[in-house]
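Sequential numbering from 1 along the given sequence is applied to the chain's residues. It should be emphasised that the depicted structure is a prediction, and the values quoted were computed from it without experimental measurement.
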Amino acid sequence: MAQAVAARAGAITQDIVEPEDGDRQFVTALARGLQVLRAFRDAAEMLGNREIAARTGLPKPTVSRLTHTLLSLGYLVHDPEGERYGLGPAVLALSAAFLRQNSFPQMVKPFLQDLATAVQAHVALGLLDGLSSVYVQLWRGQGQRIVLSSEVGYRLPLARSAMGMATLTSLGEAERTALMTRLRRDGTDAARLDQTYRRCADEIARHGFCVGVGIWHQDINAVAAPIHAPGGRGRFALNISGPAFLLTEEVLRKDTGPKLMETIGRMRALGIVD
C-alpha cells in the first residue's frame with residue numbers, strides 16, 4: 001500500500017500584491033481578485049472568507065466582496081451551505097488554455113516519467129511565478145511506494161527550495177537582483193538567502209544541479225536544475241524530491257543528480273531543451 005508522506009512545511013505566505021511605485025496602470029482591485037484565487041493551494045480545497053483573508057492579508061470585508069464577484073463569474077463555487085468556496089470551472093478553462101499555448105511540458109513528459117521511475121521519486125517541472133516556483137507537471141515513478149502530498153499547482157518558495165535556487169540561477173543578473181530584493185523585503189533571512197544561493201549557484205556551475213537537504217521541509221530532500229525551453233519561453237526548473245531517509249545527500253549527489261543531468265542531456269541532444 002502506498003504510504004503518504006506530508007510535504008508541507010506549514011503555510012506558504014502569498015506574494016503581497018502591491019503596485020510598483022508610480023505605476024498608474026496597476027489595477028489593485030484586479031490584483032486582489034487574482035490574489036484570492038491564488039490562496040487555493042489544492043484543486044479540491046474549500047476555504048471560507050476568514051481563511052482566505054488570513055492567507056492573503058486582505059481585510060475580511062474586501063475578501064467577502066471579491067469572493068461574491070468571483071462566484072458570480074464562475075471562478076469560484078461554494079458548498080451547499082454557501083460558507084466555503086472552491087475553485088470553479090472558469091479557472092480550469094484558463095489552465096487548459098495555458099497548457100495548449102505552452103507545449104513544452106508535454107514535450108518533456110516521456111523523458112521525465114522515465115526519470116521518475118528510474119529514481120522512484122517525484123519529478124516536477126516548475127515555472128517561476130512571483131516569489132515561487134509553481135508545479136506545472138508532476139510525475140511519480142511507476143511502482144513508487146512513498147507519495148508526497150504535492151500536486152500540479154503546488155507552490156515552492158524561491159528562498160526555501162532547491163527548485164527555487166535553480167530557478168534563480170537561470171535568471172539574468174538584473175532580474176535575479178530584483179527578485180532577491182523582493183525576497184528580503186518579504187521577510188526572508190537575507191544572510192541565509194545569500195549563503196544558500198551562493199552554494200547552489202556554485203553547485204550548478206560545477207555539476208549542473210544543486211542539492212537541497214531539508215531546506216524546504218526537514219523530512220524532504222531534493223535535487224534541482226534549471227531547464228531552458230526553446231525560445232526562452234518561461235523560467236523552468238526540474239526538481240526530484242523524496243523522503244530524506246531515502247534520498248540522502250549522498251544518494252542525491254552520486255546517483256539522483258547525475259541521472260537528472262543525463263535526462264536533460266538526452267532532451268538537449270534532441271532539441272527539446274536549449
Indicate the atoms forming the closest heavy-atom contact of [X] with [Y], along with that distance.
{"X": "F209", "Y": "L252", "result": "CE1-O, 4.1 Å"}
{"X": "R199", "Y": "R253", "result": "NH1-NH2, 4.2 Å"}
{"X": "H228", "Y": "S170", "result": "CE1-CB, 3.9 Å"}
{"X": "A222", "Y": "S241", "result": "CB-CB, 4.0 Å"}

Is a side-chain donor or acceptor of [X] paired with a backbone partner of [Y] at a separation under 3.5 angstrom?
{"X": "E45", "Y": "Y85", "result": "no"}
{"X": "R192", "Y": "A159", "result": "no"}
{"X": "T67", "Y": "S64", "result": "yes"}

Do [X] and [Y] make a side-chain contact, defined as non-hydrogen atoms from C-beta onward lying under 4.5 Å apart?
{"X": "L260", "Y": "T256", "result": "no"}
{"X": "P258", "Y": "K254", "result": "no"}
{"X": "D194", "Y": "M180", "result": "yes"}

Say whether [X] and [Y] are linked into one hydrophobic cluster, either directly or through other cluster members, by side-chain heavy-atom distances under 4.5 angstrom.
{"X": "L246", "Y": "I215", "answer": "no"}
{"X": "L183", "Y": "V134", "answer": "no"}
{"X": "I204", "Y": "L238", "answer": "no"}

If the condition is side chain to side chain contact (heavy atoms under 4.5 Å, CB included), which residues does L171 pass it with, not counting sequence neighbours?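 Residues passing side chain to side chain contact (heavy atoms under 4.5 Å, CB included) with L171: L128, L168, E175, R176, L179, R235.
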Only one of L125, L115, T117 forms a side-chain contact (heavy atoms from CB on, under 4.5 Å) with W139, so which one is it?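 Filter result, single survivor: L125.
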If the plane angle is over 60° it's perpendicular, under 30° parallel, otherwise tilted; pick one for Y154 and Y135.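 Taking Y135 first and then Y154, their aromatic rings sit tilted (interplane angle of 30° to 60°).
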